[in-house]
Enquirer: 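Before we start, here is the structure in question, set down as structure tokens.
Quick caveat, the model's predicted, so the values are computed rather than measured.
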Amino acid sequence: MASEQDVRARLQRAGQEHLLRFWAELAPEPRAALLAELALLEPEALLEHCRRAAEACARPHGPPPDLAARLRPLPPERVGRASRSDPETRRRWEEEGNTS
């Protein structure tokens, strides 16, 4: 198992040292459990995830400005209706939908 110093150093490099804020207040068993959980974390991956999430929140909301120009109608052969399907296929779909 990783030592407290190893875990603390990894968390500090990733800017996550606040996870050990109450370390001194924990009894030995909870400390060991927390250390085991934190040893499994990949703080660098967490830091990257947080960075990307912050970037995504900073972007304007809504569809990209060029989305309408990229959209194309589906070809007619890809569009269908259940009412145009053969009776056996519709029956099978109904059975699949009513599984309760």
Side-chain angles (χ1 to χ4, degrees):
M1 178 173 11
S3 71
E4 174 193 343
Q5 290 78 19
D6 292 339
V7 170
R8 189 175 293 276
R10 288 176 55 221
L11 292 173
Q12 191 170 22
R13 283 193 305 271
Q16 299 294 316
E17 63 271 14
H18 63 277
L19 295 175
L20 294 174
R21 179 185 299 166
F22 299 105
W23 181 261
E25 298 175 27
L26 294 174
E29 270 189 44
R31 274 188 184 185
L34 179 60
L35 190 62
E37 285 187 41
L38 293 176
L40 298 174
L41 283 180
E42 297 178 20
E44 292 79 12
L46 177 60
L47 182 63
E48 176 63 17
H49 171 76
C50 291
R51 185 192 62 75
R52 289 189 358 233
E55 286 176 2
C57 287
R59 285 194 295 264
H61 296 287
D66 63 336
L67 182 62
R70 295 183 315 186
L71 292 177
R72 299 286 178 260
L74 287 173
E77 63 272 10
R78 305 281 277 160
V79 179
R81 292 187 180 167
S83 61
R84 292 184 187 160
S85 299
D86 62 273
E88 177 57 27
T89 301
R90 284 199 316 261
R91 186 194 61 72
R92 193 176 74 246
W93 289 343
E94 287 175 6
E95 286 178 5
E96 290 174 5
N98 294 318
T99 56
S100 57

Enquirer: Just wondering, do L67 and P64 contact through their side chains at under 4.5 Å, heavy atoms?
Expert: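 When only atoms from C-beta onward are counted, L67 and P64 do touch, with a gap below 4.5 Å.
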
Enquirer: Are L47 and L20 joined in one hydrophobic group, where the rule is that I, L, V, M, F, W and Y side chains link up if heavy atoms are under 4.5 Å apart?
Expert: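 No.
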
Enquirer: Answer yes or no: are there more than 12 heavy-atom neighbours, outside R21 itself, under 6.0 Å from its atom CZ?
Expert: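 Open.
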
Enquirer: Could you tell me whether R92 and E95 have a side-chain N and a carboxylate O separated by less than 4.0 Å?
Expert: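 E95 and R92: not salt-bridged.
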
Enquirer: Is it the case that atom CD in E44 sees more than 12 heavy atoms from other parts of the structure closer than 6.0 Å?
Expert: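 Atom CD in E44 is crowded, with more than 12 foreign heavy atoms closer than 6.0 Å.
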
Enquirer: Which residue in the set R52, R51, R59 passes side-chain hydrogen bond (donor to acceptor under 3.5 Å, both in side chains) when paired with E55?
Expert: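 The side-chain hydrogen bond (donor to acceptor under 3.5 Å, both in side chains) with E55 is passed solely by R51 among R52, R51, R59.
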
Enquirer: Are L46 and L38 linked, directly or through other ILVMFWY residues, by side chains that come within less than 4.5 angstrom of each other?
Expert: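 No, L46 does not connect to L38 through the hydrophobic network.
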
Enquirer: For the side chain of D86 and the backbone of T89, is there at least one donor-acceptor N/O pair under 3.5 Å apart?
Expert: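 Here the side-chain-to-backbone pair exists.
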
Enquirer: Nearest heavy-atom pair of V7 and A2: which atoms, and what distance?
Expert: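 V7 and A2 have their closest heavy atoms at CG2-CB, 3.8 Å.
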
Enquirer: Do L26 and L19 share a hydrophobic cluster (ILVMFWY, side-chain heavy atoms under 4.5 Å, transitive)?
Expert: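 Linked, L26 and L19 end up in one cluster.
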
Enquirer: Can you name the closest pair of heavy atoms from W23 and R31 and give their distance?
Expert: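 Closest pair (atom of W23, atom of R31, distance): O-NE, 3.0 Å.
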
Enquirer: Under a 4.0 Å N-O cut-off, is there an ion pair linking R91 with E94?
Expert: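 So R91 does not pair with E94 through a salt bridge.
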
Enquirer: Do the non-hydrogen side-chain atoms of R13 and R10 ever get within less than 4.5 Å of each other?
Expert: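 Yes - at least one pair of side-chain heavy atoms lies under 4.5 Å apart.
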
